[in-house]
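Order of appearance sets the numbers: ligands from 1, and atoms from 1 within every ligand.
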Amino acid sequence: MKKGKKLYEGKAKIIYACAEKNLVIQHFKDDATAFNNQKKSVIEGKGILNNRISEHILTCLSQAGIKNHLVKRINMREQLIKHVSIIPIEFIVRNIASGSLTKRLGIEEGTVLDNPLIEYCLKNDKLGDPLISKEHILTFKWATKKEIEKIDKQLNRINDFLVGMFRGVGIKLVDFKVEFGRLKNSNDVILADEISPDTCRLWDMNTEKKLDKDRFRNNLGNLIQAYQDVARRLGILHEQSNIRPIKFPKPKAVKLKKNK
Ligand code: 5GP
């Protein structure tokens, strides 16, 4: 699939035009950023893993009747997706308290919430993606009441599905962020962007080991190994597959014959 011009570049992905009508190409970069771009790094192989993991999750969601932008993965780093205009809101769903919720409200990390908590943040890096209410969304017309009602219902369905899917492979879904967009041709709102360890908090069920981007945010190291673990458990990376460079055995010492 031939890539056209770059339409948008975000922190972890690039969107390119393509020849197909109403479709675009989403490219996953290896760039990692945190704390509103104050911490930056390039983590080799992260984009490849996120492309595969997100493809898997969005395909499963689609099979469960949750419409989304994915058409197909086209190579290691790219997907063909439906062209949408992204609603400028980050939709966050929380099952267990962590991250900004604990800092903002002093809730103890790890507190299990009685019901999933939905939060809305304005997608604005300059303002640090501030928390907003439904009233803000309606007042400033970032989305309509009908759209938010539809999205809220979908968030609960997505959460139910993902909690079950991850529980099945020994992972707790602590929280996640998703984005929605309006289809170019119909204005229908669908799930877009990505769902991966970059956008979810994933803890091992038994040890609570973090298997997500918090490894980068909190300098825990071994991010690629954690993302590979998630991919392996989801059955999309074979036991032996590895994104790290292949280690060749040391060459054996060869005794040279002395010249007579
Ligand atoms: P928190 O608000 O606690 O920082 O994040 C809640 C959840 O949403 C976490 O799973 C986090 O990874 C995700 N999230 C929130 N904002 C962003 C963002 O700007 N980029 C990414 N990749 N994930 C985000």
Side-chain angles (χ1 to χ4, degrees), residues 8-15 26-43 46-51 53-54 57-58 69 79 86-113 116-133 142 151-152 154-156 158-159 161-163 165-166 171-181 191-204 208-220 223-224 226-227 230:
Y8 168 83
E9 178 155 7
K11 285 172 279 187
K13 291 181 296 289
I14 306 173
I15 303 293
Q26 175 167 252
H27 175 104
F28 286 77
K29 301 194 280 184
D30 283 341
D31 299 27
T33 62
F35 311 121
N36 206 18
N37 245 346
Q38 285 171 31
K39 184 174 171 159
K40 286 185 198 175
S41 188
V42 174
I43 303 174
K46 180 175 80 74
I48 295 173
L49 283 159
N50 282 345
N51 184 19
I53 295 171
S54 192
I57 295 176
L58 293 191
H69 73 164
Q79 303 177 343
I86 290 284
I87 292 174
I89 298 166
E90 294 188 340
F91 297 88
I92 294 173
V93 183
R94 300 180 187 273
N95 298 303
I96 298 173
S98 187
S100 70
L101 179 70
T102 60
K103 290 187 197 116
R104 214 184 316 121
L105 302 179
I107 310 292
E108 197 183 334
E109 163 107 355
T111 307
V112 177
L113 309 181
L117 174 67
I118 295 177
E119 289 181 342
Y120 313 99
C121 293
L122 182 65
K123 233 173 103 70
N124 186 320
D125 284 342
K126 277 192 205 145
L127 301 176
D129 299 340
L131 185 72
I132 51 174
S133 67
W142 290 316
I151 290 172
D152 280 355
Q154 293 219 359
L155 289 172
N156 282 310
I158 295 167
N159 187 49
F161 183 89
L162 294 183
V163 165
M165 187 187 79
F166 282 117
I171 292 174
K172 285 189 213 176
L173 176 65
V174 174
D175 57 31
F176 63 94
K177 182 259 314 181
V178 281
E179 297 184 19
F180 286 80
L191 175 65
D193 194 48
E194 69 173 298
I195 301 183
S196 73
D198 261 15
T199 61
C200 301
R201 282 201 175 89
L202 304 170
W203 294 355
D204 178 86
E208 303 218 323
K209 180 183 170 188
K210 294 178 198 298
L211 302 171
D212 56 64
K213 199 174 152 190
D214 272 354
R215 302 208 71 83
F216 169 70
R217 294 186 185 104
N218 305 332
N219 300 318
L220 300 174
L223 177 135
I224 288 294
Y227 283 31
V230 173

Q: Do Asn124 and Pro88 touch side chain to side chain, with heavy atoms closer than 4.5 Å?
A: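 Not in contact.
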
Q: State whether Lys213 and Asp198 are salt-bridged, where the test is any N-O pair (Lys NZ or Arg NE/NH1/NH2 against Asp/Glu carboxylate O) under 4.0 Å.
A: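 So Lys213 does not pair with Asp198 through a salt bridge.
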
Q: Taking only Lys NZ, Arg NE, NH1 and NH2, and the carboxylate oxygens of Asp or Glu, determine whether Lys13 and Glu179 approach each other closer than 4.0 Å.
A: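 No salt bridge links Lys13 with Glu179.
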
Q: What pairs with Lys172 under salt bridge (charged side-chain N to carboxylate O under 4.0 Å, His left out), at least two apart in sequence or on another chain?
A: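 Lys172: salt bridge (charged side-chain N to carboxylate O under 4.0 Å, His left out) contacts with Glu208.
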
Q: Name the residues in contact with ligand 1, where contact means a heavy atom under 4.0 Å away: which are they?
A: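 Lining ligand 1 at under 4.0 Å, by heavy atoms, one finds Glu90, Ile92, Arg94, Ser98, Gly99, Ser100, Asp129, Asp175, Phe176, Lys177, Asp198, Thr199, Cys200, Arg201, Lys213, Arg217.
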
Q: Measure from NZ or CZ of Lys46 to the centre of the six-membered ring of Tyr227 and say whether it is under 6.0 Å with the direction within 45° of the ring axis.
A: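 Ring-cation test returns no.
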
Q: Can you confirm whether more than 12 heavy atoms, excluding those of Lys39, are under 6.0 Å from its NZ atom?
A: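 Buried by this count: over 12 neighbours within 6.0 Å.
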
